[in-house]
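The next block holds one structure in the form of C-alpha coordinates; read it before the comments.
Just so we're clear, the structure is a prediction, and the values are computed from it rather than from any experiment. The chains referred to below are lettered A, B, ... by the order of the sequence lines, with proteins before strands, and numbering in each begins at 1.
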2 protein chains.
Amino acid sequence: MRIGEVAEKAGVSVRALRYYEEQGLLQAGRSPGGQRHYPDTAVGRVRLIQQLYAAGLPSRVVRKVLPCVDSGEEKAPPELLDQMAVERVRVDQRITDLLAVRDQLDDVIAIARDPDSDCSHVE
Amino acid sequence: MRIGEVAEKAGVSVRALRYYEEQGLLQAGRSPGGQRHYPDTAVGRVRLIQQLYAAGLPSRVVRKVLPCVDSGEEKAPPELLDQMAVERVRVDQRITDLLAVRDQLDDVIAIARDPDSDCSHVE
DNA sequence: CTTGCACCTGACGTCAACGTCAGGTTCTAG
DNA sequence: CTAGAACCTGACGTTGACGTCAGGTGCAAG
(Lines give C-alpha, C1' and ligand atoms only; values in the text may rest on other atoms or scores of the structure.)
Protein backbone atom coordinates (compact mmCIF):
# COMPACT_ATOMS: atom_id res chain seq x y z
CA MET A 1 0.00 0.00 0.00
CA ARG A 2 1.13 3.51 -0.70
CA ILE A 3 0.81 6.40 1.68
CA GLY A 4 -2.42 7.84 0.33
CA GLU A 5 -4.32 4.61 0.77
CA VAL A 6 -3.06 4.09 4.30
CA ALA A 7 -4.01 7.66 5.16
CA GLU A 8 -7.53 7.21 3.84
CA LYS A 9 -8.09 3.84 5.50
CA ALA A 10 -6.79 5.05 8.84
CA GLY A 11 -8.56 8.38 8.59
CA VAL A 12 -5.53 10.61 8.97
CA SER A 13 -3.64 12.94 6.69
CA VAL A 14 -0.69 11.99 4.53
CA ARG A 15 1.32 14.60 6.37
CA ALA A 16 0.57 12.90 9.65
CA LEU A 17 1.97 9.59 8.39
CA ARG A 18 5.18 11.22 7.26
CA TYR A 19 5.34 12.91 10.64
CA TYR A 20 4.93 9.58 12.44
CA GLU A 21 7.80 8.14 10.43
CA GLU A 22 9.92 11.17 11.24
CA GLN A 23 9.18 10.52 14.91
CA GLY A 24 10.07 6.86 14.66
CA LEU A 25 6.53 5.69 15.34
CA LEU A 26 5.89 4.06 11.98
CA GLN A 27 8.36 2.43 9.60
CA ALA A 28 7.88 2.19 5.86
CA GLY A 29 9.67 0.40 3.04
CA ARG A 30 10.63 2.28 -0.08
CA SER A 31 10.06 1.56 -3.74
CA PRO A 32 13.06 1.89 -6.10
CA GLY A 33 11.78 5.36 -6.92
CA GLY A 34 11.72 6.37 -3.30
CA GLN A 35 8.02 6.12 -2.55
CA ARG A 36 6.93 4.72 0.79
CA HIS A 37 5.02 1.47 0.90
CA TYR A 38 3.38 -0.03 3.93
CA PRO A 39 2.22 -3.48 4.99
CA ASP A 40 -1.48 -3.98 5.75
CA THR A 41 -0.72 -3.91 9.45
CA ALA A 42 0.21 -0.25 9.16
CA VAL A 43 -3.43 0.80 9.20
CA GLY A 44 -3.99 -0.81 12.57
CA ARG A 45 -0.84 0.67 13.93
CA VAL A 46 -1.85 4.13 12.82
CA ARG A 47 -5.22 3.66 14.47
CA LEU A 48 -3.42 2.69 17.65
CA ILE A 49 -1.26 5.78 17.48
CA GLN A 50 -4.37 7.86 16.97
CA GLN A 51 -6.04 6.26 19.95
CA LEU A 52 -3.09 7.06 22.16
CA TYR A 53 -3.04 10.65 20.93
CA ALA A 54 -6.79 10.95 21.31
CA ALA A 55 -6.41 9.91 24.91
CA GLY A 56 -4.11 12.85 25.35
CA LEU A 57 -0.83 11.00 25.72
CA PRO A 58 2.16 13.08 24.68
CA SER A 59 4.40 11.77 21.91
CA ARG A 60 7.22 10.78 24.21
CA VAL A 61 4.84 8.42 25.96
CA VAL A 62 3.59 7.02 22.68
CA ARG A 63 7.20 6.46 21.68
CA LYS A 64 7.79 4.41 24.81
CA VAL A 65 4.56 2.48 24.74
CA LEU A 66 4.35 1.51 21.07
CA PRO A 67 7.22 -1.00 20.92
CA CYS A 68 5.71 -2.90 23.83
CA VAL A 69 2.21 -2.98 22.48
CA ASP A 70 2.88 -4.19 18.98
CA SER A 71 6.28 -5.84 18.63
CA GLY A 72 5.60 -8.80 20.88
CA GLU A 73 5.02 -7.90 24.48
CA GLU A 74 7.31 -10.56 25.88
CA LYS A 75 10.45 -8.72 24.83
CA ALA A 76 9.88 -5.71 27.04
CA PRO A 77 12.86 -5.04 29.30
CA PRO A 78 12.04 -4.35 32.95
CA GLU A 79 12.98 -0.66 32.93
CA LEU A 80 10.56 -0.12 30.11
CA LEU A 81 7.93 -1.88 32.15
CA ASP A 82 8.54 0.54 34.97
CA GLN A 83 7.97 3.40 32.57
CA MET A 84 4.75 1.81 31.46
CA ALA A 85 3.63 1.52 35.07
CA VAL A 86 4.44 5.19 35.58
CA GLU A 87 2.40 6.13 32.54
CA ARG A 88 -0.36 3.91 33.74
CA VAL A 89 -0.53 5.99 36.92
CA ARG A 90 -0.54 9.20 34.89
CA VAL A 91 -3.39 7.95 32.75
CA ASP A 92 -5.27 6.98 35.87
CA GLN A 93 -4.78 10.44 37.33
CA ARG A 94 -6.06 11.95 34.14
CA ILE A 95 -9.14 9.79 34.26
CA THR A 96 -9.78 10.97 37.80
CA ASP A 97 -9.46 14.60 36.71
CA LEU A 98 -11.83 14.06 33.84
CA LEU A 99 -14.39 12.35 36.03
CA ALA A 100 -14.29 15.32 38.40
CA VAL A 101 -14.77 17.73 35.53
CA ARG A 102 -17.61 15.67 34.16
CA ASP A 103 -19.31 15.75 37.53
CA GLN A 104 -18.95 19.52 37.65
CA LEU A 105 -20.51 19.81 34.23
CA ASP A 106 -23.32 17.53 35.29
CA ASP A 107 -23.93 19.65 38.38
CA VAL A 108 -24.16 22.85 36.41
CA ILE A 109 -26.39 21.31 33.80
CA ALA A 110 -28.67 19.74 36.38
CA ILE A 111 -29.01 22.95 38.36
CA ALA A 112 -29.75 24.98 35.28
CA ARG A 113 -32.41 22.52 34.19
CA ASP A 114 -33.99 22.33 37.59
CA PRO A 115 -33.13 25.44 39.64
CA ASP A 116 -35.26 24.37 42.59
CA SER A 117 -33.17 21.36 43.42
CA ASP A 118 -30.71 22.38 46.08
CA CYS A 119 -27.08 23.11 45.27
CA SER A 120 -25.77 20.34 47.44
CA HIS A 121 -22.16 20.72 46.46
CA VAL A 122 -22.04 24.13 48.19
CA GLU A 123 -23.82 22.55 51.14
CA MET B 1 -3.73 39.88 47.69
CA ARG B 2 -1.16 40.66 45.06
CA ILE B 3 -0.29 38.48 42.15
CA GLY B 4 2.72 36.73 43.66
CA GLU B 5 0.79 35.50 46.65
CA VAL B 6 -2.07 34.19 44.54
CA ALA B 7 0.41 32.43 42.28
CA GLU B 8 2.11 30.73 45.18
CA LYS B 9 -1.10 29.70 46.91
CA ALA B 10 -2.59 28.32 43.73
CA GLY B 11 0.63 26.70 42.62
CA VAL B 12 0.95 28.40 39.26
CA SER B 13 3.28 30.97 37.78
CA VAL B 14 2.75 34.71 37.84
CA ARG B 15 2.88 34.65 34.08
CA ALA B 16 0.01 32.17 34.00
CA LEU B 17 -2.20 34.50 36.05
CA ARG B 18 -1.55 37.40 33.71
CA TYR B 19 -2.30 35.07 30.84
CA TYR B 20 -5.62 34.07 32.40
CA GLU B 21 -6.57 37.72 32.73
CA GLU B 22 -5.57 38.34 29.13
CA GLN B 23 -7.88 35.48 28.14
CA GLY B 24 -10.74 36.83 30.22
CA LEU B 25 -10.71 33.90 32.63
CA LEU B 26 -9.74 35.86 35.73
CA GLN B 27 -10.48 39.48 36.61
CA ALA B 28 -8.35 41.60 38.90
CA GLY B 29 -8.72 45.02 40.49
CA ARG B 30 -5.92 47.52 40.24
CA SER B 31 -4.13 49.60 42.84
CA PRO B 32 -3.63 53.33 42.09
CA GLY B 33 -0.14 52.41 40.95
CA GLY B 34 -1.46 49.84 38.51
CA GLN B 35 -0.72 46.65 40.39
CA ARG B 36 -3.25 43.85 40.28
CA HIS B 37 -4.99 42.82 43.46
CA TYR B 38 -7.23 39.81 43.86
CA PRO B 39 -9.96 38.74 46.28
CA ASP B 40 -9.40 35.55 48.29
CA THR B 41 -11.76 33.68 45.98
CA ALA B 42 -9.24 34.06 43.18
CA VAL B 43 -7.16 31.16 44.50
CA GLY B 44 -10.07 28.77 44.18
CA ARG B 45 -10.91 30.04 40.76
CA VAL B 46 -7.36 29.52 39.59
CA ARG B 47 -7.42 26.00 40.97
CA LEU B 48 -10.62 25.39 39.02
CA ILE B 49 -9.03 26.69 35.84
CA GLN B 50 -6.08 24.41 36.45
CA GLN B 51 -8.33 21.46 36.98
CA LEU B 52 -10.10 22.09 33.70
CA TYR B 53 -6.79 22.44 31.91
CA ALA B 54 -5.41 19.36 33.59
CA ALA B 55 -8.38 17.43 32.31
CA GLY B 56 -7.33 18.45 28.83
CA LEU B 57 -10.10 20.91 28.06
CA PRO B 58 -9.08 23.53 25.51
CA SER B 59 -9.24 27.19 26.52
CA ARG B 60 -12.31 27.93 24.46
CA VAL B 61 -14.18 25.34 26.51
CA VAL B 62 -12.87 26.76 29.75
CA ARG B 63 -14.01 30.16 28.58
CA LYS B 64 -17.52 28.84 28.04
CA VAL B 65 -17.72 26.76 31.18
CA LEU B 66 -16.30 29.17 33.75
CA PRO B 67 -19.10 31.76 33.80
CA CYS B 68 -21.61 28.99 34.46
CA VAL B 69 -19.65 27.35 37.21
CA ASP B 70 -18.84 30.37 39.33
CA SER B 71 -21.09 33.32 38.61
CA GLY B 72 -24.33 31.74 39.77
CA GLU B 73 -25.45 28.80 37.72
CA GLU B 74 -29.02 29.97 37.42
CA LYS B 75 -28.20 32.66 34.90
CA ALA B 76 -26.99 30.31 32.19
CA PRO B 77 -28.80 30.90 28.91
CA PRO B 78 -30.07 27.76 27.14
CA GLU B 79 -27.64 27.95 24.21
CA LEU B 80 -24.77 27.96 26.66
CA LEU B 81 -26.27 24.92 28.29
CA ASP B 82 -26.27 23.16 24.96
CA GLN B 83 -22.60 23.93 24.61
CA MET B 84 -22.00 22.52 28.05
CA ALA B 85 -23.82 19.36 27.09
CA VAL B 86 -21.68 19.09 23.98
CA GLU B 87 -18.54 19.46 26.04
CA ARG B 88 -19.86 16.95 28.49
CA VAL B 89 -20.06 14.44 25.66
CA ARG B 90 -16.54 15.28 24.57
CA VAL B 91 -15.23 14.77 28.07
CA ASP B 92 -17.07 11.47 28.24
CA GLN B 93 -15.50 10.36 24.97
CA ARG B 94 -12.11 11.24 26.32
CA ILE B 95 -12.72 9.21 29.42
CA THR B 96 -13.65 6.24 27.26
CA ASP B 97 -10.46 6.63 25.25
CA LEU B 98 -8.38 6.82 28.38
CA LEU B 99 -10.01 3.75 29.87
CA ALA B 100 -9.20 1.82 26.70
CA VAL B 101 -5.60 2.99 26.81
CA ARG B 102 -5.33 2.07 30.47
CA ASP B 103 -6.61 -1.41 29.70
CA GLN B 104 -4.02 -1.77 26.96
CA LEU B 105 -1.29 -0.75 29.36
CA ASP B 106 -2.60 -3.21 31.92
CA ASP B 107 -2.58 -5.97 29.34
CA VAL B 108 0.99 -5.34 28.35
CA ILE B 109 2.15 -5.07 31.93
CA ALA B 110 0.30 -8.22 32.97
CA ILE B 111 1.68 -10.24 30.08
CA ALA B 112 5.20 -9.06 30.71
CA ARG B 113 4.96 -9.94 34.38
CA ASP B 114 3.46 -13.31 33.73
CA PRO B 115 4.23 -14.47 30.19
CA ASP B 116 2.57 -17.85 30.67
CA SER B 117 -0.89 -16.46 31.10
CA ASP B 118 -2.60 -16.56 27.74
CA CYS B 119 -2.95 -13.46 25.62
CA SER B 120 -6.71 -13.51 25.68
CA HIS B 121 -7.20 -10.30 23.77
CA VAL B 122 -5.67 -11.86 20.66
CA GLU B 123 -7.84 -14.91 21.32
C1' DC C 1 15.62 59.54 50.30
C1' DT C 2 17.47 55.40 48.77
C1' DT C 3 17.62 50.46 48.47
C1' DG C 4 15.59 46.54 46.59
C1' DC C 5 12.04 43.24 45.82
C1' DA C 6 7.72 42.68 43.68
C1' DC C 7 5.34 44.36 40.08
C1' DC C 8 4.33 46.39 35.31
C1' DT C 9 4.04 46.14 29.89
C1' DG C 10 5.51 44.58 25.60
C1' DA C 11 7.44 41.24 22.77
C1' DC C 12 9.88 37.34 21.20
C1' DG C 13 10.81 32.08 22.21
C1' DT C 14 9.06 27.20 22.80
C1' DC C 15 6.98 22.61 21.91
C1' DA C 16 3.76 19.48 19.78
C1' DA C 17 1.28 17.76 15.91
C1' DC C 18 0.60 18.61 12.22
C1' DG C 19 -1.08 22.31 7.81
C1' DT C 20 0.47 24.27 3.78
C1' DC C 21 3.20 25.88 0.04
C1' DA C 22 7.07 25.44 -3.38
C1' DG C 23 9.44 23.02 -6.67
C1' DG C 24 10.66 18.67 -8.43
C1' DT C 25 9.93 13.31 -9.35
C1' DT C 26 7.46 8.72 -10.02
C1' DC C 27 3.92 5.95 -11.52
C1' DT C 28 -0.23 4.73 -14.09
C1' DA C 29 -3.67 5.20 -17.75
C1' DG C 30 -4.52 5.94 -22.46
C1' DC D 1 5.13 8.69 -25.05
C1' DT D 2 2.64 12.00 -22.58
C1' DA D 3 -0.70 13.87 -19.33
C1' DG D 4 -1.73 14.21 -14.70
C1' DA D 5 -2.48 12.20 -10.28
C1' DA D 6 0.09 10.83 -6.43
C1' DC D 7 4.30 11.08 -4.43
C1' DC D 8 8.84 13.24 -2.75
C1' DT D 9 11.83 16.62 0.25
C1' DG D 10 12.51 20.77 2.54
C1' DA D 11 10.89 24.53 5.01
C1' DC D 12 7.99 27.94 6.96
C1' DG D 13 3.12 28.72 9.31
C1' DT D 14 -0.26 27.71 13.21
C1' DT D 15 -2.36 27.23 17.89
C1' DG D 16 -2.24 26.97 23.01
C1' DA D 17 -0.31 27.90 27.37
C1' DC D 18 2.67 29.71 28.91
C1' DG D 19 8.60 30.88 29.63
C1' DT D 20 11.75 34.41 29.46
C1' DC D 21 14.13 38.59 28.72
C1' DA D 22 14.34 43.77 28.49
C1' DG D 23 13.55 48.01 30.37
C1' DG D 24 10.80 50.69 33.44
C1' DT D 25 7.70 51.48 37.99
C1' DG D 26 5.36 50.83 42.87
C1' DC D 27 5.99 50.40 47.56
C1' DA D 28 7.53 49.18 52.29
C1' DA D 29 11.78 49.45 55.20
C1' DG D 30 15.62 51.77 57.21
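- Taking atom CG on B:Leu17 and atom P on D:dC18, their separation rounds to 10 Å, with Å as the unit.
- One atom, NE2 of A:His37, and another, P of C:dT26, lie 16 Å apart when rounded to the nearest Å.
- Note: CZ (B:Arg30) to P (C:dC7) measures 13 Å, nearest angstrom.
- Salt-bridge formation is detected for the pair B:Glu87/B:Arg60: a Lys NZ or Arg NE/NH1/NH2 atom is positioned less than 4.0 Å from an Asp or Glu carboxylate oxygen.
- OP1 or OP2 of D:dC18 sits under 4.0 Å from a side-chain N or O of B:Tyr20.
- Atom pair B:Tyr38:OH and C:dC8:P shows a separation of 7 Å (rounding to whole Å applied).
- Along DNA chain D, the nucleotide nearest to A:Gly34 and the one nearest to B:Ser59 differ in position, and the one closer to the 5' end is contacted by A:Gly34.
- Every residue was checked against the side chain to side chain donor-acceptor pair (under 3.5 Å) condition with A:Glu8, not counting sequence neighbours, and none meets it.
- One atom, CG of A:Leu52, and another, P of C:dC18, lie 12 Å apart when rounded to the nearest Å.
- Between the CZ atom of B:Arg15 and the P atom of D:dC18 there is a distance of 9 Å, given to the nearest Å.
- Here the nucleotide nearest the side chain of B:Tyr19, chosen from D:dT9, D:dC18, C:dA17, is D:dC18.
- Listed candidates were C:dT9, D:dC18, C:dC18. Nearest to the side chain of B:Arg18 is C:dT9.
- Side-chain N/O atoms of A:Ser31 include none lying less than 4.0 angstrom from OP1 or OP2 on C:dT26.
- Using a 4.0 Å cut-off between charged nitrogen and carboxylate oxygen, A:Lys9 and A:Glu5 count as a salt-bridge pair.
- Mapping B:Gly33 and B:Arg60 onto DNA chain D by nearest heavy atom places B:Arg60 at the nucleotide closer to the 5' end.
- Atom CD in A:Glu22 sits about 12 Å away from atom P in C:dC18, given to the nearest Å.
- Rounded to whole Å, atom P of D:dA6 lies 12 Å from atom CD of A:Gln35.
- Here the closest heavy-atom approach between residue B:Gln27 and residue B:Tyr38 is recorded as O-CD2, 4.0 Å.
- Closest approach to the A:Arg36 side chain among D:dC18, C:dT9, D:dT9 is made by D:dT9 (side chain taken as heavy atoms from C-beta onward).
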